[in-house]
Amino acid sequence: MDVSHLINALNPAQRAAVTADKPHTLVLAGAGSGKTRVLVHRIAWLLLTGQSHPHQILAVTFTNKAAKEMQARLVTLLAQPTQGLWVGTFHGIAHRLLRMHWREANLPQNFQILDNDDQLRALKRVIQSLQLDEKKWTPKQVQSFVNKCKDQGSRAQNLQPESRDMWLRQMQSIYHTYEEYCQRTGVIDFAEILLKAYELIRDNQELQAHYQQRFTDILVDEFQDTNSIQYQWLCLLAGKHGRLFVVGDDDQSIYSWRGAQIENLQNFPRDFPDNQVVKLEQNYRSTGNILAVANALIAHNKTRLGKELWTDGADGEPVFVYKAYDEHNEARFVAEKIQAWDGNLQEVAILYRTSAQSRVFEDALMTRQLPYRIYGGLRFYERAEVKDVLAYLRLIIHHHDDSAFERIINTPARGIGEKTVESIRAAARAKGLSLWQASEYLLNSQGFTKRSGTAVFAFQQLILEFAEQFQNLALHAQIDAIIKNSGLCEVYLKEGKEESQRRFENLDELSIAAQEFEASAKDGNDPVTTFLAHAALEAGEGQSKSVENCVQLMTLHLAKGLEFNQVFLCGLEEGLFPHENSLKEGSLEEERRLCYVGITRARQSLYLCHSESRYRYGQRDFSNMSRFIQEVPAELLEEIRLRSSYHNAFGNSTIPACTVYNVGDEVKHQVFGQGVVLEYEGQGDYMRVHVLFSEGKRWLIAGLAGLERV
DNA sequence: TCACTGTAATTTTTT
DNA sequence: ATTACAGTGA
């Protein structure tokens with residue numbers, strides 16, 4: 001078949017990647033170099049040249065968004081639906097395998113997924129059941145331990161602590177008890193999805209042979225983000241004869257803190273001998289000036305495979321650096337630039353290192369009536385009220401789901417206090433029962449006080465009635481019934497707070513989401529289970545209604561994969577970015593990559609902002625310009641200077657700058673009164689002066705804060 | 001069960 | 001400064 005139309009649209013490097021004929025291909029795809037395009041064209045090429053059938057191809061991504069985009073672009077390119085072709089996230093594909101082969105994976109058919117929050121609660125219970133001190137064995141710490149183990153493929157029984165290593169031995173025992181808890185109550189957490197799917201293929205020879213034979217081509221996006229278990233799972237699925245086509249960028253690896261191993265990419269050529277490496281360095285996104293800055297910065301990293309972006313396009317406007325004197329000034333500068341921006345607001349992004357920085361930008365944009373949207377925060381299916389309703393659904397279909405039981409036994413409050421719940425837990429522990437069974441047992445053996453017995457009985461009746469009533473009810477009708485009859489809705493209506501109103505609306509939205517889910521549901525799987533899995537694996541968007549055409553605010557991590565015409569990279573200060581914690585942990589190179597990611601988001605216009613001071617932890621903090629700005633040759637940057645006099649925080653008086661203050665100088669401040677200079681830093685416009693006033697010491701910025709020499 | 005109080009921590013986040 | 005959370009007392 002003639003595939004020239006497919007190939008001709010590509011540049012030489014892209015073409016080499018798409019038509020690579022070695023069994024294993026590594027595509028080093030720089031930012032904005034057409035990585036998704038290459039993946040999609042590769043699949044199309046495999047199909048159109050007859051090398052593969054759709055059902056022989058597996059394409060894996062990290063996020064649902066990336067998976068959806070790939071799927072959509074594939075359909076467009078092929079001009080037909082892609083039946084039998086598997087495109088999905090690691091978790092999505094692994095979950096699919098586990099649902100198909102639940103028996104072989106030793107899972108109950110209706111197993112449920114624990115999200116991070118559920119997992120944390122479960123671990124907390126486990127720690128308590130082992131009678132451990134929660135201060136010493138904090139659930140958070142245990143959670144990260146367990147997930148790290150699972151990411152590396154270790155079960156509790158595989159750990160081999162030295163006999164003296166009490167810490168590890170204790171962790172092992174918690175991990176082990178948690179494994180039993182999950183097994184007993186039929187739930188799996190996110191890391192477990194991957195681990196179980198890996199073990200399934202590893203230990204079941206029949207399935208292994210089947211899938212190795214089936215998937216002749218495996219394609220992986222964002223390969224630099226794979227962790228150990230994902231890597232092993234890929235190797236296993238590919239087997240001896242499967243072709244691996246992986247795309248990634250070592251310079252954009254920013255998730256090592258959640259287990260990503262950049263080494264997987266760096267070692268690929270060594271691990272898969274018969275391979276081909278293709279570099280995509282031509283950038284179709286940014287101006288020459290922006291790329292020059294990006295290249296100069298990332299060149300400071302030692303451990304990289306090496307790559308330099310270039311463009312056919314124009315140099316564009318210079319990359320600007322703005323020095324603010326505090327975070328409000330930084331925000332004001334950004335907001336004013338955005339006001340003057342001639343274009344769509346959704347093409348403008350404000351990027352920062354920590355979410356706490358967003359507040360000030362919000363204020364500045366709001367006062368100027370510029371619409372904005374902040375990304376991040378709680379997503380729809382993670383909201384407490386939504387999870388409460390889902391927990392009802394879970395408990396109704398599977399009474400032994402202790403996580404769900406704990407969550408709703410007293411939600412809404414029905415007079416079952418901590419003491420009663422603890423007695424149920426104790427009975428469950430003693431008899432090896434689920435909380436549901438333990439409640440029944442205590443009811444039968446008069447184990448409750450009269451009052452709590454009545455309450456627990458009523459709760460069980462409620463769940464049983466739901467179960468009865470739901471036999472032939474559609475999913476959304478079940479959800480409506482839970483909202484109405486569980487008492488959840490009344491509580492919110494009664495409270496009458498603004499918060500409760502929002503929660504109430506979210507429950508309404510849940511019902512609508514369920515209806516939509518049913519309408520688009522495929523195959524004959526149980527809709528309730530499928531919906532619950534959907535809720536866990538695709539937590540949805542943060543905000544229900546997206547405002548049209550608004551400025552985009554997000555952390556640098558969230559910005560990966562996106563692009564904007566105008567980008568403000570803010571808070572470029574030592575200690576904030578690079579973050580002080582990363583300096584301690586020795587992950588400076590990853591911080592630099594994060595900065596590189598931020599820079600390469602910009603198409604036309606890029607501002608690097610930093611502030612001389614900002615409030616951090618309730619204190620005004622002074623810090624130096626980030627080394628990331630200093631690492632870029634000055635000739636690539638253009639500094640935007642403040643006028644030498646301007647309005648200050650205390651009014652509209654114009655203050656002369658460039659006064660020099662010395663230790664011991666008597667000074668006067670328009671608010672704090674008379675004082676003496678204790679020490680100072682810097683010179684000229686931005687001199688920081690530490691002054692002793694009668695009411696205490698204060699750091700001020702000379703010339704800006706209403707300070708005068710007496 | 002709720003309200004108050006003291007203490008400690010406070011990067012990044014998908015599935 | 002802000003917040004979250006455990007502990008205490010009514």
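All chains are named by letter (A, B, ...) in the order of the sequence lines, taking the proteins before the strands, and each is independently numbered beginning at 1. Small disclaimer: the values here were computed from a predicted structure and weren't measured.
- Of the P atoms belonging to C/dT2 and B/dT13, the separation is 22 Å, rounded to the nearest Å.
- Surrounding CZ of A/R451 are at most 12 heavy atoms belonging to other residues, nucleotides or ligands under 6.0 Å away.
- Contacts between residues 141-156 of chain A and DNA chain B, defined by a heavy-atom separation under 4.0 Å, are absent.
- With hydrogens and angles left out, the side-chain atoms of A/E612 and A/N624 include no donor and acceptor closer than 3.5 Å.
- No side-chain donor from either of A/S228 and A/D151 sits under 3.5 Å from a side-chain acceptor of the other.
- Positionally, the nearest nucleotide of DNA chain B for A/I416 lies more toward the 5' end than for the other of A/I416 and A/H91.
- The aromatic ring centroids of A/W233 and A/Y231 lie 6.0 Å or more from each other.
- Note: A/H91 and A/F62 fail the aromatic proximity criterion, with ring centroids not under 6.0 Å apart.
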- Please report the C-alpha distance between A/H557 and A/Y352 in whole Å, then the side-chain angles of each, then the deciding distance to 0.1 Å, and finally whether the ring pair (Phe, Tyr, Trp, His ring centres under 6.0 Å) criterion is met. CA-CA 9 Å; A/H557 282 91; A/Y352 35 79; over 10 Å; no

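- A straight line from NZ of A/K68 to P of B/dT14 spans 14 Å, rounded to a whole angstrom.
- Spacing between atom CD of A/E69 and atom C1' of B/dT14 amounts to 17 Å, rounded to whole angstrom units.
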- Query: Going 5' to 3' along nucleotides 4-10 of chain C, which nucleotides have protein heavy atoms under 4.0 Å from the base (write B), which only from the sugar-phosphate (write S), and which from neither (write -)?
  - Reply: --SS---

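- Following rounding to the nearest Å, A/L194 (CG) and B/dT14 (C1') show an atom-to-atom distance of 11 Å.
- Atom P of nucleotide B/dT1 and atom CD1 of A/I409 are separated by 11 Å, given to the nearest angstrom.
- Geometric assessment of A/R593 against the ring of A/Y596 yields a negative cation-pi assignment under the 6.0 Å and 45° thresholds.
- For the pair A/N116 CG and B/dT15 P, the interatomic distance rounds to 11 Å; values are reported in whole Å.
- Straight-line distance from the CD atom of A/Q224 to the P atom of B/dT14: 16 Å, rounded to whole Å.
- Within 4.0 Å (heavy atoms only), A/D189 reaches no atom of the nucleic acid at all.
- Below 30°, between 30° and 60°, or above 60°: for A/Y175 and A/F145 the angle between ring planes is above 60°, a perpendicular geometry.
- Ionic pairing of A/E385 and A/R502 is not present here: no N-O contact between side-chain nitrogen and carboxylate oxygen is shorter than 4.0 angstrom.
- Aromatic ring centres of A/Y211 and A/H101: separated by under 6.0 Å.
- Note: CZ (A/R96) to C1' (B/dT15) measures 17 Å, nearest angstrom.
- A heavy-atom distance below 4.5 Å is found between the side chains of A/R96 and A/W86.
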- Query: Where along nucleotides 5-13 of chain B does protein come under 4.0 Å, by heavy atom, of base (B) or sugar-phosphate alone (S), with - for untouched nucleotides?
  - Reply: -----BBBB

- Task: Start with the C-alpha gap between A/F90 and A/Y198, add the side-chain angles, then the distance that decides, and say whether ring pair (Phe, Tyr, Trp, His ring centres under 6.0 Å) holds.
- Result: CA-CA 11 Å; A/F90 276 100; A/Y198 166 72; over 10 Å; no

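- Between the P atom of B/dT15 and the NZ atom of A/K560 lies a distance of 12 Å, rounded to the nearest Å.
- Residue A/N64 places at least one side-chain N or O under 4.0 Å from the OP1 or OP2 atom of B/dT15.
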